[in-house]
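To keep things clear, I will list the structure first and then write my remarks on it.
Every chain is numbered from 1, with letters handed out A, B, ... down the list of sequences.
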Amino acid sequence: MSMIMGLNHPNSGSVTISGKKYKDLRWPMREVGGLLEARAIHPGRSAYAHLWSLAQYGGITKSRVDEVLELVGLTSVAKRRVGKFSLGMGQRLGIAGALLGDPAVILLDEPVNGLDPEGIRWTRSLCRDLAAEGRTVLISSHLMAEMARTADQLVLIGKGRLIAELSVDDFVACSSKQSFKVRAANLDLLIPALEDAGALTLREPNSCLTVMNLSAEAIGELALEQQNALYELTDLSSLEDAFMELTEGAVEYRAS
Amino acid sequence: MTTTLLIRDDVTESNSRAGLRCALRGEWTKFWSLRSAGWSVFALALVTYGLCYLSTNALRSQARIDDPIMRVLVGFNFGQFVMGVLGVLFLSSEYSTGQIRSTVAAMPRPGIVLGAKAIVVGGVGLALGEVLSFSTYFLGRFILSGHASQISISQPGILRVLIESGIDLAIVGLIGLGIASIVRSSAASLSIFTSVMLVLTVVLFAMPGVIVHDMSRYLPANISSTIFASTTPSQLQGTPLFSPLIGLLIIALYAVVLLAVGGWMMTRRDT
């Protein structure tokens with residue numbers, strides 16, 4: 001997300017938004033709104049001064065500052081210094097900053113981390129409302145269950161690699177069903193056959209495959225039909241477990 | 001959501017994209033919305049007027065005072081540090097708090113952010129410097145009234161000292177900002193700033209050798225000492241010095257080089 005907003009430079013490749021690099025956008029704040037860190041805000045400034053300075057950067061009116069403060073429910077504490085804010089208030093202020101330019105694309109990095117249940121619910125319904133207004137809302141999160149309730153479309157990324165892209169409906173359908181870890185002699189041949197049979201497949205980097213929506217028997221028989229040797233067919237109980245399995249090699253730091 | 005008045009009408013009419021003008025407005029708001037700004041201005045005035053009073057009043061008992069304007073403006077030697085620290089913190093605090101990411105997200109060309117900050121620091125420093133130098137002059141003149149050594153703006157060199165001292169204050173603020181744009185960390189920037197301004201002078205004078213002898217006149221502290229005096233010595237403790245105007249141009253060059261390198265690095269490095 002930092003790369004999308006031009007804060008970090010990718011080692012290779014590039015990111016464009018509506019066909020333009022972020023830094024080439026004429027009014028970046030009016031096209032993309034980002035909450036990249038819980039507190040990318042100077043604690044010594046009031047919430048109002050923080051938003052007003054950002055608004056000036058984007059050529060945005062003072063009345064819009066009042067409007068976003070109202071929207072996130074910080075109007076009564078707008079003159080208070082940000083350093084005195086709770087985590088949830090800081091998060092709301094960050095979201096207010098992202099919404100200043102009334103952008104069509106909104107990027108939220110871990111928006112519910114450390115929030116109380118009320119804050120999580122507020123953030124979720126705000127995201128749904130923003131999406132319902134026709135905006136694109138891209139959220140990154142490690143909380144699978146929360147994303148299942150918030151998002152429409154899921155993109156799973158581990159260690160910088162795209163692991164899977166699927167809709168939440170598929171995710172929900174699959175997470176209650178069994179899934180299997182499959183290794184075979186020729187995966188490229190097997191994948192289309194499995195998908196024709198109605199399975200969902202997630203390809204892993206280390207030549208493994210996660211197959212959902214299909215029984216172990218069906219997978220084995222399909223492979224046999226193709227004369228495709230199966231090396232492994234392991235039962236995974238749910239997609240969250242499958243996700244864990246998928247990302248096992250992809251998580252950089254974990255508790256032992 | 002109702003968004004009736006989203007965009008400033010004066011901006012949409014005249015600007016085609018977010019640029020220096022918008023950045024300047026934002027940075028101006030940022031500068032004055034921290035408590036440290038007000039306190040720094042207060043400290044600057046207190047130090048300048050306070051030291052002027054102490055130094056000038058103590059000199060009244062002497063029959064004759066060498067270069068009274070230098071004694072009147074003695075507080076500027078300390079005021080420089082206040083301004084430099086202000087310049088450093090204006091940027092380095094954004095890195096330490098993470099604010100810089102909000103700033104660069106709003107203006108993805110960091111060179112423009114730094115440019116806007118430089119104009120704010122330079123402008124505030126210049127305005128403050130000139131107001132302080134002229135008002136301190138009047139304070140000193142008042143304290144010295146009736147004394148044998150009087151100061152007057154009509155005396156040779158006095159007007160130059162007053163004008164250039166204000167400019168010096170602005171440039172030192174920009175040097176602080178420039179160091180912060182390269183180093184980023186507040187602690188490191190501040191220690192480098194004070195080393196260059198203060199410690200280096202002491203170190204150089206302690207070391208013998210022709211190279212050191214030639215180098216010491218390039219030090220900001222030695223340049224400032226000529227700027228704050230109306231009767232400029234051509235050398236200090238045996239080392240040659242630049243004339244005040246050349247000195248001013250040299251420290252301005254330092255600030256420009258530091259800011260140029262910093263602006264380039266801000267564009268190249270991750271934020």
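- In this structure, CD1 on Ile41(A) lies 13.0 Å from CZ on Arg101(B), to the nearest 0.5 angstrom.
- Interface with chain B: from residues 2-17 of chain A, residues Ser2(A), Met5(A), Leu7(A), Asn8(A), His9(A) qualify, criterion being any non-hydrogen pair under 4.5 Å.
- In this structure, the side chains of Lys30(B) and Trp52(A) stay at 4.5 Å or more apart for every pair of heavy atoms.
- Applying a 4.5 Å heavy-atom cutoff, none of the residues of residues 247-264 of chain B approach chain A.
- Of all heavy-atom pairs between Ser102(B) and Ala40(A), the closest is OG-O, 2.5 Å.
- A 6.0 Å sphere centred on CZ of Arg149(A) holds no more than 12 heavy atoms belonging to other residues, nucleotides or ligands.
- More than 12 heavy atoms of other residues, nucleotides or ligands shown are found within 6.0 angstrom of CZ on Phe134(B).
- Below 4.5 Å, heavy atoms of chain A meet heavy atoms from Ser93(B), Thr97(B), all part of residues 87-97 of chain B.
- A heavy-atom distance below 4.5 Å is found between the side chains of Gln99(B) and His50(A).
- Nearest heavy-atom pair across Gln56(A) and Arg25(B) is OE1-O, 3.0 Å.
- Ser33(B) places no side-chain N or O within 3.5 Å of a backbone atom of Arg45(A) that could act as its donor or acceptor partner.
- Applying the 6.0 Å contact sphere to CD of Gln153(A) captures more than 12 heavy atoms from other residues, nucleotides or ligands.
- Counting only heavy atoms from C-beta outward, the side chains of Phe31(B) and Ser53(A) never approach each other to under 4.5 Å.
- Listed for the Tyr57(A) side chain is no donor-acceptor partner under 3.5 Å among the backbone atoms of Val104(B).
- If you tally non-hydrogen atom pairs under 4.5 Å between each of Met29(A), His42(A), Lys21(A) and chain B, the highest count goes to His42(A).
- Put simply, of Glu27(B), Met107(B), Arg35(B), the one with the most heavy-atom pairs under 4.5 Å next to chain A is Arg35(B).
- Taking 4.5 Å as the heavy-atom cut-off, none of the residues of residues 167-178 of chain B approach chain A.
- Rounding to the nearest 0.5 angstrom, the gap separating the CZ atom in Arg26(A) from the CZ atom in Arg17(B) is 8.0 Å.
- Of the listed residues (Val113(B), Thr29(B), Leu24(B)), the one with the most heavy-atom contacts under 4.5 Å to chain A is Thr29(B).
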